[in-house]
Amino acid sequence: MVRTRFAPSPTGYLHIGGLRTALYAYLFAKKNGGKFILRIEDTDQNREVAGAVDIIISALDKAGIHYDEGPIVGGDYGPYVQSERKEIYLKYAKQLLESGDAYCCFCSKERLAEMHEKGATKYDKHCLHLSKQEVQERIARGEPYVIRQNIPESGTHTYHDEVFGDVTVDYKDLEDNILIKSDGMPTYNFANVIDDHLMGITHCIRGVEYLMSTPKYNLLYDALGWERPVYIHLQPIMRDSQHKLSKRDGDAGFEDFLRKGFLPHAIVNYIALLGWNPKDNNEKMSMAELTDKFSIEGLQKSSSIFDETKMRWLNSLYVKEMSAEDFHAAALPYYNEYYPNKDIDYKYLSELLQSRVEILTDIKERAAFLNAFDNFDIELFVNKKWKTTVDMARELIDDCIAATDTDDMNAALEQLAERKGLKKGQVLWIHRIALTGAAATPGGGAEMVKLFGKAEALRRLNEVKKILGA
RNA sequence: GCCACUAUAGUCUAGAGGUUAGGACGUUGGCCUCUCACGCCGAAGACCCGGGUUCGAUUCCCGGUGGUGGUGCCA
């Protein structure tokens, strides 16, 4: 049975990169009929963020990534929060101490800092050579200490990664890293191994930042007599060629994009494509299709740059295929924010807008004419292609009002054009500008009248008449 | 500094020892049209550099360069 996991630290938001890692782990598990587990890695007590776990859970839920085991829902391998598993790590740390694969280290931070200042690139194994007796005495005396992993001083380690192939690391480039901190909490380097094994994780899907330290984890699996998982390392999602997407720059949170008016699945669909390709030219995929097509062979070995423009395009595809009702429901909160209490047919506005917005916040721009009418710019009547002028508008405004007030406005406007010896487009242009005061509107004059209602349309036209001084 | 990973248009990517190097976003020309958008039809735009292997390398190998990552009592 395939078991994968997403193991975020509770930072208070769901990072886009983390979301993609979670997505791949989820897709891989589901594709293989396996289980997807959520585990919270909160061993750094200095980084506690209140409510962070709930935020991650709710974000994953919105994204359509549902975990089989984890906080709240539980499971047979819990607890799923590392801070609640402290005793477990300690137990295995002791085992490693006994087998000589780990040792207690009493070195002060000052000594460590001094070593680095002198050019040392890694810990010198100073405490490895302490006698058993001395170690016991110092612990009994209450001296603070950490437990370090005892890495071989020479030799190389090769392991297989599903996307990078065989990876070889020289032991001399690896440090005797800390397994248990002086506060008794494990570090990631230790906890991830213990938990992945105890939770039965078969495929370890995580960022490339662990590619080089994986041999250390393998050493731990070996020392404990455990089977190593299959490794699948993922390159990061970048903001540009030299920076990762980061919360600091405000471009990294899943929820941020939701607030910008992106649909959850459009985001998921888009990031699925960053670093993975489905081997065909269809880019728009439902969760079921993603699950069906997902494969580690399609995973990219290089990092990829996040392109919000392309995500907008994908989002627009999803917006267009929404039912009119769904789109209207989704748009309503934005109307309330941007154009509350207008005397217009909001339902009809939705119809006009649906093919014209890529993300929901585009509504603000696309229907700005609803608010902007107060600052009417009469120069808008001037159109090069149609050769319309402000004077022409002045001349036609009364007739436009009259035509708008008939039962068949379109016919009336056509007749008006004929009568004046003008092209229909010229009249329509002037009419629409007079109605909206906007060069671009989500529909023509007729649609605008339908949107406003005849009374409001006439009110607007009469106002423009005053502005024109006609 | 040392170590690791990586490299096809602006971006995401496909691809094979010999291809007109394919697709998508974006850009751009046109059509449609009272504007915008949608839709449709076109266009421009790429194999990081240097060696080697080979009849032939963008593809394989080595080196360089660029980028990223690791080198934490962070994960």
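Letters go in sequence order (proteins before strands), and every chain restarts at 1.
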Have a look at A/Met238 and say if it touches a base, only the backbone sugar-phosphate, or nothing, with a 4.0 Å heavy-atom cut-off. sugar-phosphate
Below 4.0 angstrom from OP1 or OP2 of B/U35, is there any side-chain N or O of A/Lys385? yes
OP1 or OP2 of B/C74 sitting under 4.0 Å from any side-chain N/O of A/Lys181? yes
Between A/Asp195 and A/Gln82, is there a side-chain donor-acceptor contact under 3.5 Å, judged purely by atom types and distance? yes
Can you tell me the Watson-Crick or wobble partner of B/U68, both distances under 3.5 angstrom? B/A4
Base partner of B/C55, which must satisfy Watson-Crick or wobble distances under 3.5 Å: B/G18
Axial cation check for A/Tyr145 ring with A/Arg138, 6.0 Å and 45° limits: no
Report yes if a side-chain nitrogen or oxygen of A/Trp313 is closer than 4.0 Å to either non-bridging phosphate oxygen (OP1 or OP2) of B/C25; otherwise report no. yes
Lys/Arg cation over aromatic A/Tyr13: A/Lys247, 6.0 Å, 45° cone: yes
Give none if B/G63 has no partner; otherwise give the nucleotide forming a Watson-Crick or G-U wobble pair with it, both distances under 3.5 Å. B/C49
Distance check needed: B/A75 C1' versus A/Arg206 CZ, whole Å only. 11 Å
When both hydrogen-bonding distances must be under 3.5 Å and the geometry is Watson-Crick or G-U wobble, what is B/G42 paired with, if anything? B/U28
So what does A/Thr436 touch, heavy atoms closer than 4.0 Å: a base, only the sugar-phosphate, or nothing? nothing
Is any side-chain N or O of A/Ser304 closer than 4.0 Å to OP1 or OP2 of B/U13? yes
When you check the phosphate oxygens OP1 and OP2 of B/G15, does a side-chain N or O of A/Lys279 lie under 4.0 Å from one of them? yes
From the list B/C3, B/C73, B/U68, which nucleotide is the closest neighbour of the side chain of A/Pro236? B/U68
When you get a sec, tell me which of B/U35, B/A24, B/G69 is the closest nucleotide to the side chain of A/Ala440? B/U35
Quickly work out the A/Asn315 CG to B/C25 C1' distance and round it to whole Å. 14 Å
When you measure from the side-chain N and O atoms of A/Gln235 to the phosphate of B/A7, is any distance below 4.0 Å, counting only OP1 and OP2? no
Is A/Lys387 atom NZ crowded by more than 12 heavy atoms from other residues, nucleotides or ligands, each under 6.0 Å away? no
In terms of the nearest nucleotide of RNA chain B, which residue is placed more toward the 5' end: A/Tyr210 or A/Gly445? A/Gly445
Verify the contact: side-chain N or O of A/Lys320 to OP1 or OP2 of B/G39, cut-off strictly under 4.0 Å; return yes or no. yes
Sticking with atom P, work out how far B/A4 lies from B/G63, rounded to a whole angstrom. 10 Å
Span that lies between the C1' atom of B/A16 and that of B/C74, in whole angstrom: 44 Å
Decide if atom CD of A/Glu289 counts as having more than 12 heavy atoms of other residues, nucleotides or ligands within a radius under 6.0 Å. yes
Rounded to whole Å, please give me the gap between CZ in A/Phe306 and P in B/U13. 13 Å
I want to verify a distance call: between B/U68, B/U35, B/C12, whose nearest atom is closest to the A/Leu274 side chain? B/C12
Students often get this wrong, so: under 4.0 angstrom with heavy atoms, is A/Lys109 touching a base, only sugar-phosphate, or nothing? base
Hey, does A/Ser182 reach any base, or is it just sugar-phosphate, or nothing, if we go heavy atoms under 4.0 Å? base
Determine: side-chain N/O of A/Ser302 to OP1/OP2 of B/C5, distance under 4.0 Å, yes or no. no
Whole angstrom is fine here: how far is it from CG in A/Asn177 over to C1' in B/C74? 13 Å
Could you walk me through whether A/Lys284 and A/Glu321 pass salt bridge (Lys or Arg N to Asp or Glu O under 4.0 Å), step by step? CA-CA 12 Å; A/Lys284 180 169 167 290; A/Glu321 75 170 18; 2.8 Å; yes
Does A/His243 put a side-chain nitrogen or oxygen below 4.0 Å from OP1 or OP2 of B/G67? no
From C-beta outward on A/Asp307, which listed nucleotide comes closest to its side chain: B/C74, B/G10, B/G26? B/G10
Can you tell me, in whole Å, how much space there is between the C1' of B/U58 and that of B/U8? 8 Å
Using both distances under 3.5 Å as the test, list the Watson-Crick or G-U wobble partner of B/A9, or none. none
For the side chain of A/Glu283, counting heavy atoms from C-beta on, which of B/C34, B/G23, B/G72 is nearest? B/G23
Nearest-nucleotide 5' precedence on RNA chain B, A/Thr309 against A/Asp173: A/Asp173
Closest nucleotide among B/G72, B/G23, B/G70 to the A/Glu175 side chain: B/G72
I'd like the P distance from B/A57 over to B/U65, given in whole Å. 25 Å
Provide the distance between the two C1' atoms, one in B/C5 and one in B/A44, to the nearest whole Å. 34 Å
Taking the C1' atom of each, how far is B/G45 from B/A24, in whole Å? 14 Å
Quickly work out the A/Asp183 CG to B/G72 P distance and round it to whole Å. 18 Å
Looking across every strand, which nucleic acid part, if any, lies under 4.0 Å from A/Gly207 by heavy atom: base, sugar-phosphate, or nothing? nothing
A/Arg47, nearest nucleotide to its side chain (from B/C74, B/U13, B/C34): B/C74
Would you indicate, yes or no, if B/U6 has its OP1 or OP2 atom less than 4.0 angstrom from a side-chain nitrogen or oxygen of A/Lys301? yes
Are the side chains of A/Arg366 and A/Tyr338 in contact, using a 4.5 Å heavy-atom criterion? no
Identify which nucleotide among B/A14, B/C25, B/A75 has an atom closest to any side-chain atom of A/Gln300, counting heavy atoms from C-beta outward. B/A14
Are A/Phe254 and A/Arg20 packed together at the side-chain level, in the sense that at least one heavy-atom pair is separated by less than 4.5 angstrom? no
Taking only the P atom of each, what is the distance from B/C60 to B/G15 in whole angstrom? 12 Å
Would you kindly check if the NZ (Lys) or CZ (Arg) of A/Lys310 is within the cone defined by 45 degrees around the ring axis of A/Tyr270 and under 6.0 Å from the six-membered ring centre? no
Can you tell me which nucleotide in B/C34, B/U68, B/C5 comes closest to the side chain of A/Glu447? B/C34
In whole Å, measure the gap between the C1' atoms of B/U33 and B/C47 for me. 42 Å
Of all the choices, B/C73, B/A4, B/C74, which nucleotide is nearest to the side chain of A/Ile178 once you look at every atom? B/C73
base_contact_polar (B/C36 base, A/Arg356 side chain, donor-acceptor, <3.5 Å): yes
